[in-house]
Amino acid sequence: MTVLVLGDGLLRKRGPVARRPDEPILLIEAESFARRLPYHPHKLTVVFSAMRHFRDELRERGRTVRYYQAESFDEGLRRYFADHPRDELVAMRPASANGAERFDDLVTDHGGTIEFVENELFLCSPEEFDEWAGDREGYRHEEFYRFMRTKTGYLMDGDEPVGGEWNYDEENRETPDAEFSAPEPPAFPPDETTEAVAEWVEKSFDGGYDDPPCGGDWADPEPFRWPVTRAAALDALEAFCTDRLPAFGPYQDAMVEDEWGMYHALLSPALNIGLLHPTEVVERVIEAGEDDAVPLNSVEGFVRQVIGWREFVRHVYRREMPDLGEANQLDAEQDLPPAYWTGDTRMNCLHESVEGVRERGYAHHIQRLMVLSNFGLLYGVEPAQLNRWFHAGFVDAYHWVTTPNVVEMGLFGSGIFATKPYAASANYINKMSDYCSGCEYYHTKTTGEGACPFNALYWDFLDRNGDELRDNHRMGLVYSHLDNKDDSELNAIRERAETLRERARRGEL
Ligand code: FAD
Ligand code: SF4
């Protein structure tokens with residue numbers, strides 16, 4: 001019996017690695033897997049370097065670790081079973097759709113067997129979620145979140161939420177003033193192992209994609225900075241609790257030029273590969289919240305993201321694939337504009353958000369939702385294309401987490417859990433950021449040269465999708481504003497939107 005550990009399941013103290021301390025461990029670095037999309041080099045470096053560190057740490061502790069570097073999982077498993085015929089493998093069930101079935105087929109082809117056990121990267125088991133979901137129609141996050149609070153007992157006072165409210169989002173919408181400056185995000189400079197991986201990634205994958213959509217790539221990122229060891233991930237958690245947690249809540253929805261991390265945790269890359277477990281992260285944050293300097297709205301806001309949203313999207317994905325991956329209820333069919341790859345656009349908000357992805361594989365939540373997805377939604381990008389871009393570009397991206405976030409939350413692909421599209425004009429971006437003051441476009445103008453693209457595209461989006469959205473009771477007010485526009489105004493909006501789409505296609509927005 002051997003424990004197979006996948007690159008996004010590097011748990012040491014849980015799962016089969018911990019439960020079977022006497023069994024050997026198998027890891028396979030599969031190059032072709034990393035070639036399926038034009039992944040950001042920092043994402044590949046995170047995964048491969050973390051795997052090699054995991055191997056070295058376990059070996060130091062006396063575990064037998066068999067490590068194969070192969071062109072593909074198929075080749076790696078063929079070599080493994082040639083060395084260890086008919087071995088029985090045990091592994092955590094992969095979170096990606098069909099992952100278990102694909103491995104099962106490969107292992108069986110090479111004469112072995114594989115047993116999948118629960119994926120302990122999460123707090124809520126499939127059985128618990130399925131029981132909670134019951135025969136509900138659609139999924140409501142707020143209900144699930146309350147279920148999770150009650151189940152875990154986090155921030156609970158008996159049966160009641162600590163402080164009397166379940167959710168303090170109302171207090172989490174502060175906008176930064178001109179003096180705003182967030183603490184410098186922690187950086188974990190590469191050690192020898194990481195440097196070797198980064199060089200290999202650059203050599204093996206640079207230009208190694210035959211057809212990156214729109215001819216883009218992730219050239220010239222900043223120096224690598226992400227945690228790839230357990231110790232560094234724990235340091236990142238401490239840095240968050242000390243430096244940024246107190247203001248996390250109030251500035252959760254804010255965006256500021258040149259402040260790429262704001263007060264966000266920057267922990268998703270480590271959480272999503274198992275360097276940190278959600279339990280320890282949430283418990284450390286709750287403990288930090290015992291300090292009077294840390295307000296409840298920050299702690300609750302963070303806990304909600306981790307025990308609520310992260311678990312919720314994982315299970316919605318598990319239950320709704322494969323349909324969710326292809327969902328496109330608004331029939332959006334535009335190709336992703338080249339600016340998503342090049343960052344070349346005069347739209348300051350889009351430029352800043354894309355540059356963050358190009359430089360370090362990261363944009364914070366509100367940039368992801370209200371700039372990168374919002375623009376895609378209004379412009380009419382085909383959801384599967386934007387999903388691939390997010391999956392390729394972000395250091396924390398895996399199919400189980402991008403698909404519900406991009407296809408459903410960002411682009412309203414199916415309505416399975418979003419009750420309305422997150423569509424917003426420049427008004428929202430101007431309120432929540434300082435981007436508009438440094439932009440060549442006028443956030444107050446809708447049509448005519450120099451008008452902010454978000455505005456015409458916003459009204460055009462509502463106009464084009466009236467059949468699907470008009471009857472949504474949460475959209476009543478915005479449709480009443482649309483209906484107040486006369487024909488000439490509407491025609492000017494439609495024309496402007498078409499001009500903007502043409503320019504975006506040419507990379508001239
Ligand atoms: P913080 O803002 O500090 O939040 C704390 C933690 O909460 C995160 O680390 C994450 O683990 C969790 N979290 C918060 N919101 C979500 C959510 N909606 N889904 C899952 N986890 C959540 N998250 C990813 O981990 N990988 C992705 O590829 C990803 N793609 C996204 C794409 C879009 C369009 C949107 C709207 C959201 C996406 N998210 C993704 C969710 C969220 O934006 C990121 O988890 C967060 O920005 C990561 O940065 P952070 O650690 O600084 O998070
Ligand atoms: Fe973005 Fe429009 Fe504001 Fe420019 S004016 S930053 S394009 S919202």
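Just follow the structure's listing: the first ligand is 1, and inside any ligand the first atom is 1. If you're wondering where the values come from, they're calculated on a predicted model, not measured in any experiment.
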Legend entry - Interatomic spacing from OG in Ser373 to CD in Gln367 - rounded to 0.5 Å: 11.5 Å
Inset, instruction - Specify the protein heavy atom at minimum distance from atom 43 (O) of ligand 1: its residue, its atom name, and the distance to 0.1 Å. - result: His365 ND1, 2.8 Å
Legend entry - Residue pair Lys485, Asp463: steps toward the side-chain contact (heavy atoms from CB on, under 4.5 Å) verdict: CA-CA 11 Å; Lys485 297 190 186 297; Asp463 183 38; over 6 Å; no
Inset, instruction - Could you tell me if the ring centre of His264 sits under 6.0 Å from that of Tyr251? - result: no
Legend entry - Step-by-step side-chain contact (heavy atoms from CB on, under 4.5 Å) determination, Lys13 to His277: CA-CA 9 Å; Lys13 297 191 172 168; His277 192 267; over 6 Å; no
Legend entry - Check: Leu266 N/O within less than 3.5 Å of ligand 1 N/O: yes
Legend entry - Ion pair Glu300/Arg304, N-O distance below 4.0 Å: yes
Legend entry - Protein contact of atom 1 (Fe) of ligand 2 - nearest heavy atom, named by residue and atom, plus distance: Cys349 SG, 2.4 Å
Inset, instruction - Give the numbers and elements of all ligand 1 atoms closer than 4.0 Å to a heavy atom of Phe302. - result: 5 (C)
Inset, instruction - Identify, for atom 26 (N) of ligand 1, the protein heavy atom at the shortest distance, and state residue, atom and that distance. - result: Asp396 O, 2.9 Å
Inset, instruction - Tell me whether the guanidinium CZ or amine NZ of Arg36 lies under 6.0 angstrom from the six-membered ring centre of Phe33 and within 45° of its axis. - result: yes
Inset, instruction - Can you sort out which atoms of ligand 1 are near Thr402, meaning under 4.0 Å from one of its heavy atoms? - result: 28 (O)
Inset, instruction - Just go through Tyr263, Trp400, Tyr362 and tell me whose heavy atom is the nearest to atom 49 (O) of ligand 1. - result: Tyr362
Inset, instruction - Please examine the side chains of Arg230 and Phe54, heavy atoms only from C-beta on, and report whether any two atoms are closer than 4.5 Å. - result: no
Legend entry - Minimum-distance protein heavy atom relative to atom 8 (C) of ligand 1: Ser268 CB, 4.2 Å
Legend entry - Heavy atom of Phe248, distance to ligand 1 below 4.0 Å: yes
Inset, instruction - Give a yes/no answer: is there an N/O/S atom of Cys439 under 2.8 Å from atom 4 (Fe) of ligand 2? - result: yes
Inset, instruction - Please confirm whether Lys43 makes a cation-pi placement over Tyr398, using NZ or CZ under 6.0 Å from the six-membered ring centre and within 45° of the ring normal. - result: yes
Legend entry - Shortest protein heavy-atom distance from atom 6 (C) of ligand 1, along with the residue and atom involved: Val306 CG2, 3.8 Å
Legend entry - Ligand-residue contact atoms, ligand 1 with Ala397, heavy atoms, under 4.0 Å: 28 (O)
Inset, instruction - Output the list of atoms in ligand 1 that are nearer than 4.0 Å to some heavy atom of Val313, sorted by atom number. - result: 19 (N), 20 (C)
Inset, instruction - Using a strict 4.0 Å cut-off to heavy atoms of Met347, name the atoms of ligand 2 that fall inside it. - result: 7 (S)
Inset, instruction - State plainly whether the residues Glu143 and Arg146 are in salt-bridge range, i.e. N to O under 4.0 Å. - result: no
Inset, instruction - Look at atom 7 (O) of ligand 1 and say which protein heavy atom is nearest, naming residue and atom and giving the distance to 0.1 Å. - result: Gln305 CB, 3.1 Å
Legend entry - Which residue and heavy atom of the protein sit nearest atom 19 (N) of ligand 1, plus the separation: Asn405 ND2, 3.1 Å
Legend entry - Ligand-side contact atoms (ligand 1) for residue partner Leu267, heavy atom cut-off under 4.0 Å: 51 (O)
Inset, instruction - Answer yes or no as to whether an N/O/S atom of His443 is found below 2.8 Å from atom 2 (Fe) of ligand 2. - result: no
Legend entry - Polar contact flag, side-chain donor to acceptor under 3.5 angstrom, Arg149-Tyr154: no
Inset, instruction - Would you indicate which of Gly410, Ser373, Gly393 comes nearest to atom 34 (C) of ligand 1 when only heavy atoms are counted? - result: Ser373
Inset, instruction - Among Phe454, Phe461, Tyr458, find the one that has a ring-ring contact (aromatic ring centres under 6.0 Å, His included) with Phe375. - result: Phe454
Inset, instruction - Assess Arg360 against Trp260: is NZ or CZ under 6.0 Å from the centre of the six-membered ring, and within 45 degrees of the ring's axis? - result: yes
Legend entry - Phe122 six-ring centre to Arg314 NZ/CZ under 6.0 Å and within 45° of normal: yes
Legend entry - atom 3 (Fe) of ligand 2 [closest protein heavy-atom partner, distance rounded to 0.1 Å]: Cys436 SG, 2.3 Å
Legend entry - Pair Lys431 + Asp253, salt bridge at N-O below 4.0 Å: no
Legend entry - For atom 2 (Fe) of ligand 2, closest protein heavy-atom neighbour: Cys452 SG, 2.3 Å
Inset, instruction - Indicate yes or no: does an N/O atom of Val406 lie under 3.5 Å from an N/O atom of ligand 1? - result: no
Inset, instruction - Could you check atom 1 (P) of ligand 1 against the protein and tell me its nearest heavy-atom contact, residue, atom and distance included? - result: His264 ND1, 3.8 Å
Inset, instruction - Please indicate whether any nitrogen or oxygen in Leu271 is less than 3.5 Å from any nitrogen or oxygen in ligand 1. - result: no
Legend entry - Lys/Arg-Asp/Glu bridge criterion (N-O < 4.0 Å) met for Arg93, Glu118: no
Inset, instruction - Considering heavy atoms of the protein only, find what lies nearest to atom 25 (O) of ligand 1 and give residue, atom and distance to 0.1 Å. - result: Asn272 ND2, 2.8 Å
Inset, instruction - Below 4.0 angstrom from a heavy atom of Phe390, which ligand 1 atoms are there? Numbered from 1 as shown, please. - result: 32 (C), 34 (C)
